[in-house]
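First comes the structure, then the notes that go with it.
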2 protein chains.
Amino acid sequence: MVAQSTRQRVLNAAQQLGYQPNVLARSLRQGETRTIGVVVTDILNPFHATLAKGIQDAADRHGYVAFLFNSDEEPAKERRALETLRGHLPQGLILVPTSGAREHLKAMPDLPVVELDRVTGNPDATTVTTDNAGGGAAATRHLIDLGHTRIGMIVGQQDISTATQRHDAYRAALEAAGLTYDPALVLPGNHREDDGYRAAMRLLSLPPDRRPTALFVGNNEMTVGAVLAARALNLHIPADLSIVGFDDSRWAQTMTPPLTVVAQPAYDLGVQACEQLLRLLHHTGARTPARVQLPTTLIIRHSTGPPGQPRTTASSRDPARPASSSHPPVAPSAGPPRA
Amino acid sequence: MVAQSTRQRVLNAAQQLGYQPNVLARSLRQGETRTIGVVVTDILNPFHATLAKGIQDAADRHGYVAFLFNSDEEPAKERRALETLRGHLPQGLILVPTSGAREHLKAMPDLPVVELDRVTGNPDATTVTTDNAGGGAAATRHLIDLGHTRIGMIVGQQDISTATQRHDAYRAALEAAGLTYDPALVLPGNHREDDGYRAAMRLLSLPPDRRPTALFVGNNEMTVGAVLAARALNLHIPADLSIVGFDDSRWAQTMTPPLTVVAQPAYDLGVQACEQLLRLLHHTGARTPARVQLPTTLIIRHSTGPPGQPRTTASSRDPARPASSSHPPVAPSAGPPRA
DNA sequence: ATGAAAGCGCTAACAA
DNA sequence: TTGTTAGCGCTTTCAT
């Protein structure tokens, strides 16, 4: 409520002096920081980095700033991150939960929370996830359709919702096809590359008549390990072993052979999570919690094929084959939007 | 200065009530936020994600929290990030600068800044970088020693210090070996995968007698593009084309064939940057600015070898070769510390 | 349309 | 050792 000219002069002066309002004082006064907290499980994992980018971009569009923390898959670190975050009075929280999350969240009862990718099981929570059941089923059916009957799975920790959902879908798909679910072919891992490596080594070292001819691996990092294990055992993909991974990545697109995967829309997951959180903040109407679920897509590349003949040792045949002519050239991999 | 028992009781009560000091009020009062700002160029690039992790881990150890932003390689976004950051009164800043950074930093003259990986050229700046000159020279010499005489380079933007340093070292190494520097074999790119793809496509489409037999690619993302371009042209690595990349990664370790690279200690760079910044904050003595430079390592894998015979079309020979036996199995790739 | 004053939650300084 | 007070920079309210 000032004359235009005065307004302009003040604004100019502010500009000149490089005045920047003190966000802290403002936040303290009005009790709103325009800040949201984000805790992902592993920022070095491209899937999580992409989630984070989606969140930050969306938050920025709405005038919020997102503070990003890392739990490194460790409940204790998650707890620390949440405590640190809390001191900064975020107006909401987006969390890829560890197994300790449900407990930790009790300490911050009034904070709007969106659970992203995984879910703590809290029935009141707003969640943004992917269709893990559909993805797990599609992957397993794809292998069944190719003729595999001994399909192994490397599965994440059973206290993580995505891992159990993918595992349940795998089991259901097997049984729906009349195949028996063999617990000996299912090995757990803690979501990291070397977990996948170790699990695959064990599964692939079974005697030939019991060794799986195909592997469904429950997350992107463990898939890398599984592929390396197959290489170390000199098993040819897909002739000796078919592999389906979960979550697409440039690595999956460009490895030889390009990997068949269940793709998840990571960037959109992040954007959705942020949008849901902002909805929570604004429509403070306590209606039924939102559950957003985004679809997965089975992308069939060249790491899956019909099963080969069982043989006594893996390296006993394997005729020389050209490395690059077995599949078409690959164009530059598409990433999430960058601009 | 309270009796022990009282102290305990108060602490307990605080715990019970879930009391958490209000960081904003505290910061406002004491004028120190225990916060540092971090702006990297591309959080989706594993190199930058690793820098960020090193910084965050180090900051955490010292009781600081690091707020992470993204400039997406765009000066305008960098400016926005810095403005946002400034409002939150960080006590210092770690920046992987874009070309606009020098200008942007003028708006925040009293903020201690560490320039990370790249350098704006400000002589007063504290910097933490790698030995780009040494790395570029080692890569080039390696190719020369293998017998290559037409060595191309895909180089980053010339207003980015790392790009010019690597390029200058390449040129100097060529000339030191008595080879002529051919500008037609040097193509610029904007640090992204598709820039590398396009540049490599152009270089590799030169007539056979002028086409480079080896490529030194100036950063990790563009190297991916270059490899895919070689595949698209059905050029065999290393028989038809040797490639050396800059910056190691899991992708480089596990692609076929495993990539020869100049490795940089990304995680340590982040840690060092944070430590230097904290040193600036505490030893406020305005002595000569620190310049930390970490070494690079040439890791010779299987994407480099002696040049083949020039041929008219790339796909005219290429006898079938076993894909997996030409190099030893690869163990799970080592990453930076996670715990 | 403008000015004055109170107070957000904390801590540093001082007084008792 | 304990209690009181002022003030960080801002916004909101109320009075002019």
Side-chain angles (χ1 to χ4, degrees), chain A residues 1-37 59-60 62-67 69 80-93 107-112 278 281-282 284, chain B residues 1-37 59-60 62-67 69 80-93 107-112 278 281-282 284:
Chain A
M1 311 142 207
V2 191
Q4 272 304 324
S5 62
T6 317
R7 182 182 157 78
Q8 251 334 307
R9 282 188 25 237
V10 171
L11 253 41
N12 286 343
Q15 178 86 14
Q16 288 284 322
L17 296 169
Y19 169 81
Q20 182 95 357
N22 182 327
V23 178
L24 273 57
R26 173 182 293 174
S27 300
L28 182 59
R29 176 64 233 248
Q30 9 186 67
E32 65 168 54
T33 55
R34 293 225 131 215
T35 273
I36 64 174
D60 189 55
H62 293 276
Y64 280 75
V65 345
F67 289 151
F69 286 76
R80 256 185 69 70
L82 291 176
E83 276 169 4
T84 304
L85 225 29
R86 183 154 70 123
H88 289 269
L89 305 185
Q91 297 188 245
L93 179 68
M108 17 191 27
D110 298 324
L111 192 65
L278 296 181
L281 298 188
H282 298 309
T284 174
Chain B
M1 313 143 205
V2 190
Q4 271 304 325
S5 62
T6 317
R7 182 182 157 78
Q8 252 332 308
R9 281 187 26 237
V10 171
L11 254 40
N12 286 344
Q15 177 87 14
Q16 288 284 323
L17 296 169
Y19 170 80
Q20 183 95 357
N22 182 328
V23 178
L24 273 57
R26 174 183 291 172
S27 300
L28 181 59
R29 176 64 234 248
Q30 356 188 80
E32 63 167 57
T33 54
R34 294 225 131 214
T35 274
I36 64 175
D60 188 56
H62 293 276
Y64 280 75
V65 345
F67 289 151
F69 288 75
R80 256 185 69 70
L82 291 176
E83 277 169 4
T84 304
L85 225 29
R86 184 154 71 122
H88 290 269
L89 305 186
Q91 296 189 247
L93 178 67
M108 16 192 27
D110 299 324
L111 192 64
L278 296 181
L281 298 187
H282 299 308
T284 173

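Residue numbers start from 1 in every chain, and the chains themselves are labelled A, B, ... in the order their sequence lines are given, proteins ahead of strands.
Between A/F67 and B/F67, the ring planes are parallel. Angles under 30° get that label, and only those over 60° would be called perpendicular.
Spacing between atom CG of A/L89 and atom C1' of C/dG9 amounts to 10 Å, rounded to whole angstrom units. The distance from atom CZ of A/R29 to atom P of C/dC10 is 16 Å, rounded to the nearest whole Å. Look at CG on B/L24: it is 22 Å from P on D/dG7, rounded to the nearest Å. What separates NE2 of B/H88 from C1' of D/dG9 is a distance of 15 Å, to the nearest Å. At whole-Å resolution of the value, CZ in B/R26 and C1' in C/dC8 are 16 Å apart.
With C/dC10, D/dT11, C/dG9 as the choices, the nucleotide that has an atom nearest any side-chain atom of B/L28 turns out to be C/dG9. The B/N22 side chain lies nearest to C/dC10 when the options are C/dC10, D/dT11, D/dG9.
Looking at A/Q91, its side chain does come within 3.5 Å of a backbone N or O of A/T33 through a donor-acceptor pair.
No option in A/V23, A/L89, A/V65 other than A/V65 meets the side chain to side chain contact (heavy atoms under 4.5 Å, CB included) test with A/T35.
Listed pair A/Q30 / D/dT12 meets the phosphate criterion, a side-chain N or O lying under 4.0 Å from OP1 or OP2.
In this structure, the side chains of B/L281 and B/Y64 come closer than 4.5 Å at one or more pairs of heavy atoms.
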